[in-house]
2 protein chains.
Amino acid sequence: MSAERPAGPALNRDYIIRMALGLVDRVGIEGLSMRELGVELGVDPMAVYYHLPNKAALFDGIVEAVYAEVDVAPGASGDWRELVANFMRRLREVLRRHPRAVPILATRPSYTPKSLADQALGSLQAAGLPPRRSLDIVACLGAYTIGHVLAEVSPPAGGETATAEEAAEPMAPDTFPHLARAVAGGYRGDEQFEAGLRAMLAGFTSD
Amino acid sequence: MSAERPAGPALNRDYIIRMALGLVDRVGIEGLSMRELGVELGVDPMAVYYHLPNKAALFDGIVEAVYAEVDVAPGASGDWRELVANFMRRLREVLRRHPRAVPILATRPSYTPKSLADQALGSLQAAGLPPRRSLDIVACLGAYTIGHVLAEVSPPAGGETATAEEAAEPMAPDTFPHLARAVAGGYRGDEQFEAGLRAMLAGFTSD
DNA sequence: ACCTGAACACCGTTCAAGT
DNA sequence: ACCTGAACACCGTTCAAGT
């Protein structure tokens, strides 16, 4: 996470990517430009192009960097249900540490999540589940987890233009009556995520 | 879907948005610029600003337009489980008709999905489910559906730079052994989506 | 009311040049 | 090997002007 300037040459790929992720965390995706990144690095903006071919590669690097924070406990043992559930909880935690980067991850496919999926798949197949069924479970729970985080980190409807008042207000009961009633108790992201996670897992278990 | 030129003035908000969605469908989000849209409309690019305040509003309009295609059967009756499942299937269908627009929908919150959620919530509460539980079910199944579609419409890992050969190849078995085995039977998006949908629904039912 | 077109402050990327 | 800086072809948006 900390980004120390390398010893020899001023720049390298990893350092650039960590700084870029930091920039996204602070100012959002819109704020990340090659030129602004140059300022951040204290270097001519074009210097980055010596280490990375283009901005797309920079995004790919950011995706990698975030997923790399998901260190699934290596020798974890126990019921496969708990293993998968903990994996998804860990994934959610990491994504929520980089809310403004989540749209990139959700949108730009990368090899790193495949690697994570492969590990998770390994646990399930080791527990005796057939390959195709393991894939369904990992893919569907992964889709749910990312979808849920995406909804959580999205700015409130109405956009940046919405007044702070509107955002603070609970919800107009006349426009969305059922939603208003359901949300009256306040938003409970953690409990809701757990509810869905357990539901899907239970459903996959008892077939 | 069809975009007929309005009779009186050359432009109006709806026509502009329908054309913009068509442009996104054809050339992707990157290809949608205010200037290119102007060309598409056969009009000075700046004319759009008379009808929409900025590009963000254009995106919001696109999100609305896509969600508007989700016409949940109004008087549908039956088991609430089937109602919700059909709603999610319908949502998935519509999103898959606009693959290149999905990243926008997944990323830019809007009021339209809230309206859809409110309808779905109404069915569940009418069926006797408590408000908070209804919300969990709709929110979690919605998150799952969007997450699943997002994974389906994402371009293959390796990006546009990947050669056609790489994309065609099944999967390197040495890098992701478990994934390779699980995916050997080919990708079955529909069955996988159904599996996850039924699993989560079953899990929410038998508590 | 509705559209045009010049202008401004930005972009990403290329490429020759510097050290 | 590594970084600089000018240049090119784009952007979104503002605003005065046209009809």
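Residue numbering restarts at 1 for every chain, and letters A, B, ... go by the order of the sequence lines.
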Flag if over 12 foreign heavy atoms under 6.0 Å of CZ, B/Arg132: no
Strand contacts (DNA chain C) in residues 36-49 of chain B, 4.0 angstrom heavy-atom criterion: B/Val43, B/Asp44, B/Met46, B/Ala47
Nucleotide nearest B/Met34 when distance is taken to its side chain, options C/dC3, D/dA1, D/dT13: D/dT13
Gap between atoms CG and P, on B/Asn54 and D/dC11 respectively (whole Å): 17 Å
Reported CG-to-CD1 distance for the pair A/Leu141 and A/Ile146, which is rounded to 0.5 angstrom: 11.5 Å
Nucleotide of C/dC3, D/dC3, C/dC11 approaching A/Ala10 most closely (side-chain heavy atoms): D/dC3
Proximity to the side chain of A/Lys55 - top-ranked nucleotide from C/dA7, D/dC3, C/dT13: C/dT13
Distance-only side-chain donor-acceptor flag, A/Glu64 / A/Tyr111, under 3.5 Å: no
Under 3.5 Å side-chain donor-acceptor pair for B/Glu69 and B/His98: yes
Separation of atom CD in A/Glu30 from atom P in D/dT13, rounded to whole Å: 10 Å
Option passing side chain to side chain contact (heavy atoms under 4.5 Å, CB included) with A/Arg81 (candidates A/Ile137, A/Leu201, A/Leu124, A/Asn86): A/Leu201
A/Pro9, nearest nucleotide to its side chain (from C/dG12, D/dC2, C/dC2): D/dC2
Between C1' of D/dA1 and CG of A/Asn12, the distance in whole Å: 14 Å
Dot-bracket line, read 5' to 3' along DNA chain D, where crossing pairs take [ ] and | marks a partner on another strand, Watson-Crick or G-U under 3.5 Å: ||.|||||...|||||.||
Residue pair B/Ile62, B/Leu32: steps toward the side chain to side chain contact (heavy atoms under 4.5 Å, CB included) verdict: CA-CA 12 Å; B/Ile62 290 176; B/Leu32 174 64; 4.0 Å; yes
NZ/NE/NH1/NH2 to OD/OE distance under 4.0 Å, A/Asp118 and B/Arg181: no
Side chain to side chain, A/Arg89 and A/Asp190, heavy atoms closer than 4.5 Å: no
A/Arg35 CZ - D/dC10 C1' separation (whole Å): 11 Å
Check: B/Tyr144 side chain, B/Phe193 main-chain N or O, donor-acceptor pair, under 3.5 Å: yes
Phosphate-side-chain proximity, B/His51 and C/dC3, N/O vs OP1/OP2 below 4.0 Å: yes
